[in-house]
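Each remark here refers to the structure printed beneath this line.
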Amino acid sequence: EPEVTQTPSHQVTQMGQEVILRCVPISNHLYFYWYRQILGQKVEFLVSFYNNEISEKSEIFDDQFSVERPDGSNFTLKIRSTKLEDSAMYFCASSDWNEQYFGPGTRLTVT
Amino acid sequence: GNSVTQMEGPVTLSEEAFLTINCTYTATGYPSLFWYVQYPGEGLQLLLKATKADDKGSNKGFEATYRKETTSFHLEKGSVQVSDSAVYFCALTGNAGGTSYGKLTFGQGTILTVHP
């Protein structure tokens with residue numbers, strides 16, 4: 001069964017560093033998403049991506065964040081200068097018309 | 001904006017007990033409603049969905065009915081198993097008609113632990 005994969009599973013970085021979280025969506029899906037979950041809190045929408053551009057973004061998704069689909073298979077989330085409060089689990093998802101399929105997540109720890 | 005409220009957890013039950021996890025929502029228009037489950041170390045998986053009022057979603061013995069009059073989508077299972085231990089998330093999209101290509105708005109999640 002096709003699945004969404006994410007790498008790395010855990011990333012530790014120092015405050016102010018750039019991080020890139022990687023996702024490989026399901027190959028025939030057209031919509032892509034990033035969500036995050038701060039420990040003990042809700043899963044929050046960050047951004048959706050369709051047809052090579054951002055279709056919607058939340059207020060969390062400020063200028064420090066960017067997304068890219070560099071090669072038609074990967075979908076990346078970049079945080080330019082990490083803050084302590086960026087520590088969270090980041091989930092990638094992709095969808096067809098019916099269901100969003102989620103990856104297992106990347107746990108980002110900013111120290 | 002849209003929001004989802006789930007009952008506070010954690011919920012601890014014995015095997016074969018009846019499960020209810022409450023979920024209420026606030027949304028404009030006619031959202032589609034979902035329950036996702038997250039097993040330890042895994043991503044979120046769609047458990048069931050309902051796309052219009054009075055629809056009942058069901059899967060693996062779990063059920064939830066879309067109640068527009070009470071803006072609720074409570075999850076139920078008649079007899080839980082140890083393997084049902086997981087985190088359960090209620091969610092909605094603002095897209096009517098069963099499509100799921102809009103952003104999901106999640107509740108805070110409910111941890112369920114089932115003991116033998």
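In what follows, every chain begins at residue 1, and chains take the letters A, B, ... in the order their sequences are listed. Predicted model only: the values in this text are computed from it and were never measured.
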> Between B:Q6 and chain A, which part of the residue has a heavy atom less than 4.5 Å away: side chain, backbone, both or neither?
Replying inline: neither
[atom1] ([X]) with more than 12 external heavy atoms under 6.0 Å:
X     : atom1 : value
A:N28 : CG    : yes
A:E56 : CD    : yes
B:E69 : CD    : yes
A:L39 : CG    : no

>> Is there a side-chain contact between A:Q37 and B:F89 in this structure, where contact means two heavy atoms from C-beta onward sitting under 4.5 Å apart?
In response: yes
>> Just verifying a value: how many Å separate A:F102 CZ and B:E42 CD, rounded to the nearest 0.5 Å?
In response: 14.0 Å
>> With rounding to the nearest 0.5 angstrom, report the CG to CD distance, B:L104 to A:Q100.
In response: 4.0 Å
>> Hydrophobic cluster membership, with links at side-chain heavy-atom distances under 4.5 Å among I/L/V/M/F/W/Y: are A:Y90 and A:V110 in one?
In response: yes
> Mind checking whether A:F75 and A:I54 sit in one hydrophobic cluster, side chains of I, L, V, M, F, W, Y counted as touching below 4.5 Å?
Replying inline: yes
> Can you list the steps and then say if A:Y31 with B:K103 is a side-chain contact (heavy atoms from CB on, under 4.5 Å)?
Replying inline: CA-CA 10 Å; A:Y31 302 89; B:K103 69 177 184 184; over 6 Å; no
>> Under 4.5 Å from any heavy atom of chain B, what part of A:Y50 do you find: side chain, backbone, both or neither?
In response: neither
>> I want to know whether A:F45 and B:F106 have ring centres closer than 6.0 Å.
In response: no
